[in-house]
Number of protein chains: 2
Amino acid sequence: MLPITLRVKSQFDIVMQITSQRLGRSIDRRVGMVERAGRLEPRTDAPSPGRPSADPVPGTGRNPVPRPVPAKAATIYDVAQAAGVSHQTVSRFLKGFAGIRPETREKVERALDELDYRPNLTARSLKSGRSHRIGALTHELSNVGPSRVAEGASAAARECGYVLDLVSLDARSAGEIERSLDLITQHELAGVLALSSTDEMTRAFETTEFRVPVFIDAESDDAVTGRRSGLAQVGIPALIDHLAELGHRSFLHIAGPPMWRAARNRILAYDRELEARGLHSAGVLPGDWSARSGYEAIAALPRLPEATAIVAANDQTALGAMLALKERGVRIPEDISVVGIDDIPESPYFDPPLTTVHIDFEMQGRASVYRLIAQIEHAESRPVVVPPPRLVVRRSSGPAAHA
Amino acid sequence: MLPITLRVKSQFDIVMQITSQRLGRSIDRRVGMVERAGRLEPRTDAPSPGRPSADPVPGTGRNPVPRPVPAKAATIYDVAQAAGVSHQTVSRFLKGFAGIRPETREKVERALDELDYRPNLTARSLKSGRSHRIGALTHELSNVGPSRVAEGASAAARECGYVLDLVSLDARSAGEIERSLDLITQHELAGVLALSSTDEMTRAFETTEFRVPVFIDAESDDAVTGRRSGLAQVGIPALIDHLAELGHRSFLHIAGPPMWRAARNRILAYDRELEARGLHSAGVLPGDWSARSGYEAIAALPRLPEATAIVAANDQTALGAMLALKERGVRIPEDISVVGIDDIPESPYFDPPLTTVHIDFEMQGRASVYRLIAQIEHAESRPVVVPPPRLVVRRSSGPAAHA
DNA sequence: ACACGCAATGTTATCGGCAACATCCTTGGT
DNA sequence: ACCAAGGATGTTGCCGATAACATTGCGTGT
């Protein structure tokens, strides 16, 4: 029998619990049994035995119970009083100041524990003028790249004792960037990070006066900085090498939106690498990172491209392009090879699985945060090893079809 | 092409403060941060003297250009002085207090402008005890669902004058949740949001003492609350209806990880709807939302499933399943229909394009934020219309192959 | 024994706003 | 013209922490 009686806590329960200390029944872990490969017995019980009436809205529509205000949080003054010392002693203890007599230390420690003291970072940063918050602007979180970068950044920040304020916005709208920047800089920030670099973003960052360190994350810098291990220096060359070795001589690129540095970077590298090898580019089609744009770029072509290999700006675009090709009767990779960039988790499961360049976005995000924090703390940046982009050969690329 | 000159604003004033404090590194377990001895060389800096341009980290290797130090941010006192009024008058003006003489108003306005005053929210929330920050915990940002929810939430919060503190973590690790919760609640938060609801997450929220409103976002509530417009009530029934109409009688479900409420919800609804129609479930295979798990679920099957329709827990899983099927010589949809849930942007470009249920994640995120803010402000929630899930029929579903 | 010095702790000022209360200056009614 | 009422504005204290300065107490050199 299947115990999938989910007793889902509504927020009401939570509120109650908070206010009254009532111990909620813990959610059962019986659900684990679903795993049992094979059958899941139909459950016979009604969804919510205990709760008859339907809730018209998601996540409970109950009125917020006017919460009796929970006891105020303890301050160092409360702690000091409880311990019979001065607040400054408490403060010293909290900062790990060494010169405190053991007995005093113990009293403080006990009081701290008893009152469940938690520091008020607001007050701290008001006085000290420094906070441990990092503002981060990003765009299109739903794409793998940006979101991975954000995750990495968030994790790195947390590890360093910082909190990342992630603001997701339309990085192409100057106005929105401006507004967001305006909003977040009112909070005491230790630094600001731009995780998506579009022209608008860099422009906004250049024209805004920050009084804290800022950092612009950009994979794309490498075309400009000549960094040796980046996508443009390593990843794309490897990709082109791979295709060239398969005998491809004529290529097509479906680009990302030009306002993105990463997109321009990829175009640049594509061009440069072809040229360096004496290969031919049949053109660069506009795209916007989306599968849709890849599909349409190909579908809109008056006739099939002469190119035998298509380099898409990212995996999604490659996906769209592949579908359009298949619909026109092109076999991949027998007739045309298609490759992407990014290596999103789904690309191994495309049909055919996609040859692409793996990028470690998470590390990239971490690196940015470390950099920024180094600036903030005037310390050396923690050394980060961002693994270089790596060619991943799958089945979407094959020997060039030579007439 | 564009000169990417990163102008990093220097922060001399902050530098000064940091230097003055010299504490051996002391680890405060409560705060979770490490103070490090601040080291400072007055701007003769060549931070990496010996190091040439081999920059190990992406994103500009340039040194922060020491810019002319921007004066400290103006406070209401500065403004007051400049305007020749008292700081309170400035404060009143800022709050839109009506009773201010036009001429006074103008003076203030001018001073405000001149000094480029920007309120210090830290100070504000210190005094008022209320902030406009919402902490949000989420997981797997790189998945479309969570990231869209996060984006919606972030946007909604911003529109309401709040900032969303997005913390991305492993929602399955109780420890990590605990730690994150600990960290973010030290900041003066107006409320806390759980955007991913796993068992660990709800458990953590139940056992933590918040003194602010909390809200757990959960599409999944509807199986339990009987909400009439949710995925389980509308979306999945529509999906099953669609397949039933095509003549399918035997189904297979590839589930999401059972610790996720959304996953359980989908299983429940799948079971319930089949049963209600007298259809047959050939089983529920374990999965974890990923394309890989979809692929493996099918690939590991000793023989092809008897089912003629496969309902995957989400689109990625469906993608993986489709590839595995195709590799086993199954045609989609002629032999077996495959459907997903979520309608990620790529699913129209799968091969074949995926029949799925569209979910408006962004709205869901917005709704959660509105809810929370309503609680925070003890107001009625702004009415949000979350569009009900909607069946999207594409080519991966077709008439059942009847022997 | 006395001053001195440093260690341990206490006291006061401060960060930038907000709120309560105080004060001054208009008005208007008579 | 006078006073009350209220409108406009100024003053003071507080939020919770940190920083600078002040004080106590004890050991030590002479």
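Proteins get letters first, then strands, A, B, ... in listed order; numbering begins at 1 in each.
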Nearest whole angstrom, please: distance from the [atom2] of [N] to the [atom1] of [X].
X: B:Glu103; N: C:dT26; atom1: CD; atom2: C1'; result: 13 Å
X: A:Arg124; N: D:dA19; atom1: CZ; atom2: P; result: 10 Å
X: A:Leu94; N: D:dG16; atom1: CG; atom2: C1'; result: 12 Å
X: A:Leu126; N: C:dC15; atom1: CG; atom2: C1'; result: 4 Å
X: A:Gln186; N: C:dG17; atom1: CD; atom2: P; result: 10 Å
X: B:Phe97; N: D:dG10; atom1: CZ; atom2: P; result: 13 Å
X: A:Lys95; N: C:dA8; atom1: NZ; atom2: P; result: 16 Å
X: B:Phe93; N: D:dG10; atom1: CZ; atom2: C1'; result: 18 Å

Kindly write out the residues that satisfy side-chain hydrogen bond (donor to acceptor under 3.5 Å, both in side chains) with A:Ser86, not counting sequence neighbours, or none if the list is empty.
->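 For A:Ser86 the side-chain hydrogen bond (donor to acceptor under 3.5 Å, both in side chains) partners, ignoring immediate neighbours, are A:Thr89.
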Report the residues that fulfil side-chain hydrogen bond (donor to acceptor under 3.5 Å, both in side chains) with A:His87, sequence neighbours left out, ordered by chain and then residue number.
->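 Partners of A:His87 under the side-chain hydrogen bond (donor to acceptor under 3.5 Å, both in side chains) test: none.
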Looking only at atom types and distance, does a side-chain atom of [X] sit under 3.5 Å from a main-chain N or O of [Y], one as donor and one as acceptor?
X: B:Arg371; Y: B:Ile216; answer: no
X: A:Thr122; Y: B:Thr122; answer: no
X: A:Thr185; Y: A:Leu181; answer: yes
X: A:Thr208; Y: A:Phe205; answer: no

Is a salt bridge present between B:Glu103 and B:Lys107, judged by a nitrogen-to-oxygen distance below 4.0 Å?
->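 No, B:Glu103 and B:Lys107 are not salt-bridged.
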Can A:Glu109 and A:Arg105 be counted as an ion pair, charged N to O under 4.0 angstrom?
->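 Between A:Arg105 and A:Glu109 there is no salt bridge, as every charged N stays at least 4.0 Å from the carboxylate O atoms.
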Consider only side-chain N and O atoms of [X] and [Y], and report whether a donor and an acceptor are under 3.5 Å apart.
X: B:Asn120; Y: A:Gln186; answer: no
X: A:Glu188; Y: A:Ser131; answer: no
X: A:Arg130; Y: A:Ser125; answer: no

Polar atom pairs between nucleotides 22-26 of chain D and protein, under 3.5 Å, N or O only, would you list them?
none

State whether the number of non-hydrogen atoms from other residues, nucleotides or ligands found under 6.0 Å of A:Glu106 atom CD is greater than 12.
->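 It does not: A:Glu106 CD has 12 such atoms or fewer within range.
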More than 12 foreign heavy atoms under 6.0 Å from CD of A:Gln88: is that the case here?
->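 Result for CD/A:Gln88: enclosed.
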Heavy-atom contacts under 4.0 Å between residues 77-91 of chain B and DNA chain C, which residues?
->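 Contacts with DNA chain C under 4.0 Å: B:Tyr77, B:His87, B:Gln88, B:Ser91.
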Positions of residues 105-117 of chain B (non-hydrogen atom under 4.0 Å from DNA chain D), listed by number |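 Here the set is empty: none.
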What is the nucleic acid contact for [X], judged by heavy atoms within less than 4.0 Å: base, sugar-phosphate only, or nothing?
X: A:Thr104; value: sugar-phosphate
X: B:Ser128; value: nothing
X: B:Ile100; value: sugar-phosphate
X: B:Leu121; value: nothing

B:Asn120, nearest nucleotide to its side chain (from C:dG17, C:dT9, D:dC15) =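 The nucleotide sitting nearest to the side chain is C:dG17.
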To the side chain of A:Arg101, which of D:dT9, C:dA8, C:dG16 is closest?
->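 Selected nucleotide (nearest to the side chain): C:dA8.
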Just how large is the angle between the end axes of the helix from C:dA1-D:dT30 to C:dT30-D:dA1, five pairs per end, to 10 degrees?
->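 Nearest ten degrees gives 50° for this helix.
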